[in-house]
Amino acid sequence: MKFASFNVNGINARLPRLLEWLDEAKPDVVGLQEIKAEDDKFPRMAIEAAGYHALLRGQKGFNGVAILSRRPLDLVADQLAGDADDRQARWIEAMADDVHFVCLYLPNGNPAPGGKFDYKLAWMDRMAARAAELLASERPVILAGDFNICPTDFDAARPDLLAGDALTRPESRGRFRALAASGWTDAIRAAHPHHPCYSYWDYQGGAWAKNWGMRIDHLLLSPAAADRMHDCGIDRAVRGAERASDHVPVWLRLD
DNA sequence: ATGGTCGGGAACCGA
């Protein structure tokens with residue numbers, strides 16, 4: 001089975017690109033982030049016509065996550081536990097056959113320091129608690145999404161321009177590193193240790209033309225999932241299309 | 001060089 005994650009930056013603006021990519025890449029399951037739409041604006045007809053079921057936790061104007069799947073999904077959760085007052089649509093979990101698939105959109109956290117950065121760190125602590133529960137299940141689990149974390153300087157073309165950024169600050173990187181060390185495999189980095197594998201290029205400043213990218217979209221695998229991975233990659237060419245998202249899909253195959 | 005790019009949704013906010 002092929003699993004993927006794609007921050008589309010607006011499901012309706014990106015619908016032609018998304019449908020093209022689904023047709024070419026043929027993922028079985030894909031997590032989408034920043035759909036920026038609620039259920040009534042979600043292009044369900046077009047998604048279903050392409051052969052996909054959809055579960056979503058939408059939000060008007062901002063955030064919003066969805067899981068598409070060729071086979072029916074069983075919703076597990078559509079919010080991250082730990083703060084009943086948090087209404088931001090950033091988390092959805094479903095069972096895709098025997099795989100527990102989580103689609104997440106981790107807060108950006110800029111400007112840092114500040115309230116948005118505090119929210120990011122608290123959100124990461126809540127994520128760590130849920131991730132520990134999922135590990136304890138001993139099931140194959142995939143944490144897929146836009147983590148808004150650039151794990152090391154190797155994961156950015158211009159780390160010097162990111163000093164003090166919420167995506168690279170020690171508090172952010174430390175939490176990501178601790179999460180991985182608790183038992184999760186960073187699939188892209190494990191499969192491609194010597195290639196940067198950028199997944200995001202800013203719209204501003206000609207970042208794509210200069211290849212000033214960052215690796216911030218990740219697939220973290222529980223041990224039972226990591227044992228089954230046999231291929232993993234990034235669909236870099238998607239960034240070069242007309243009206244592209246600023247992110248590209250990341251994907252893996254499990255036996 | 002006092003801008004620069006998108007999406008959402010109708011003036012700015014978020015990234």
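By convention in this document, chain letters (A, B, ...) are assigned in the order of the sequence lines, proteins followed by strands, and residues within each chain are numbered from 1. Bear in mind that the values here come from a model prediction, so they are computed numbers and not experimental data.
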- Query: Rounding to a whole Å, what distance do you find between A:Asp146:CG and B:dG14:C1'?
  - Reply: 13 Å
- Side chain of A:Arg14 only, please: which of B:dG9, B:dG8, B:dC6 is the nearest? B:dC6
- Query: Of A:Thr152, A:Asp153, A:Asp155, which meets side-chain hydrogen bond (donor to acceptor under 3.5 Å, both in side chains) against A:Arg173?
  - Reply: A:Asp153
- Message: Using atom P in both nucleotides, what's the gap between B:dA1 and B:dC12 to the nearest angstrom?
- Response: 29 Å
- Under 4.0 Å between any heavy atoms, over every strand shown, what does A:Gly61 touch: base, sugar-phosphate, or nothing? Just pick one. sugar-phosphate
- Task: Would you kindly give the CD-to-P distance between A:Gln204 and B:dG7, to the nearest whole Å?
- Result: 13 Å
- Note on the structure: A:Asp40 CG to B:dG9 C1', in whole Å, measures 14 Å
- Could you check which of B:dG8, B:dG7, B:dA15 has an atom nearest any side-chain atom of A:Lys116? B:dA15
- State, without any angle test, whether A:Asp235 and A:Trp251 hold a side-chain donor-acceptor pair at a distance under 3.5 Å. yes
- Task: Round to a whole Å and report the spacing from CZ of A:Phe42 to P of B:dG8.
- Result: 13 Å
- Message: So A:Arg17, base contact, sugar-phosphate only, or nothing? Heavy-atom distance under 4.0 Å.
- Response: nothing
- Note on the structure: Comparing nearest nucleotides in DNA chain B, the 5'-proximal residue of the pair A:Ala13, A:Asn148 is A:Ala13
- Query: Taking the nucleotide of DNA chain B with the closest heavy atom to each, which residue, A:Asn12 or A:His247, is nearer the 5' end?
  - Reply: A:Asn12
- Between B:dG9 and B:dG4, how far is it from one C1' atom to the other, in whole Å? 22 Å
- Do the rings of A:His218 and A:Phe176 sit parallel, tilted or perpendicular, given the 30° and 60° boundaries? tilted
- Reckon A:Tyr200 touches a base, only the sugar-phosphate, or nothing at all at heavy-atom distances under 4.0 Å? nothing
- Message: So which atom in A:Glu93 and which in A:Ile67 form the shortest heavy-atom distance, rounded to 0.1 Å?
- Response: C-CD1, 4.2 Å
- Quickly work out the A:Leu18 CG to B:dG7 P distance and round it to whole Å. 14 Å
- Task: Select one nucleotide: of B:dT5, B:dA15, B:dG14, the one nearest the side-chain heavy atoms of A:Lys36.
- Result: B:dG14
- What integer distance in Å separates A:Phe6:CZ from B:dG7:C1'? 14 Å
- Item | B:dA10 to B:dT5 separation - P atoms, rounded to the nearest Å | 24 Å
- Message: Parallel, tilted or perpendicular, judged at 30° and 60°: which one describes the rings of A:His247 and A:Tyr200?
- Response: tilted
- Item | Spacing of A:Lys210 atom NZ relative to B:dT5 atom C1', expressed in whole Å | 13 Å
- Rounded to whole angstrom, note down the P distance from B:dT2 over to B:dC13. 23 Å
- Note on the structure: Testing B:dA15, B:dG8, B:dG9 for proximity to the side chain of A:Glu34, the answer is B:dA15
- Task: To the nearest Å, give me how far apart OH (A:Tyr119) and P (B:dA15) are.
- Result: 10 Å
- Identify the two heavy atoms, one from A:Cys103 and one from A:Gln33, that lie closest to each other, and give their separation to 0.1 Å. SG-NE2, 3.4 Å
- With the side chain defined as heavy atoms from C-beta on, A:Phe62 is closest, among B:dT5, B:dG14, B:dG8, to B:dG14
- Message: Is the phosphate of B:dC6 approached by A:Arg243 (side-chain N or O, under 4.0 Å from OP1 or OP2)?
- Response: no
- Query: B:dG7 and B:dG3: how far apart are their P atoms, nearest whole angstrom?
  - Reply: 23 Å
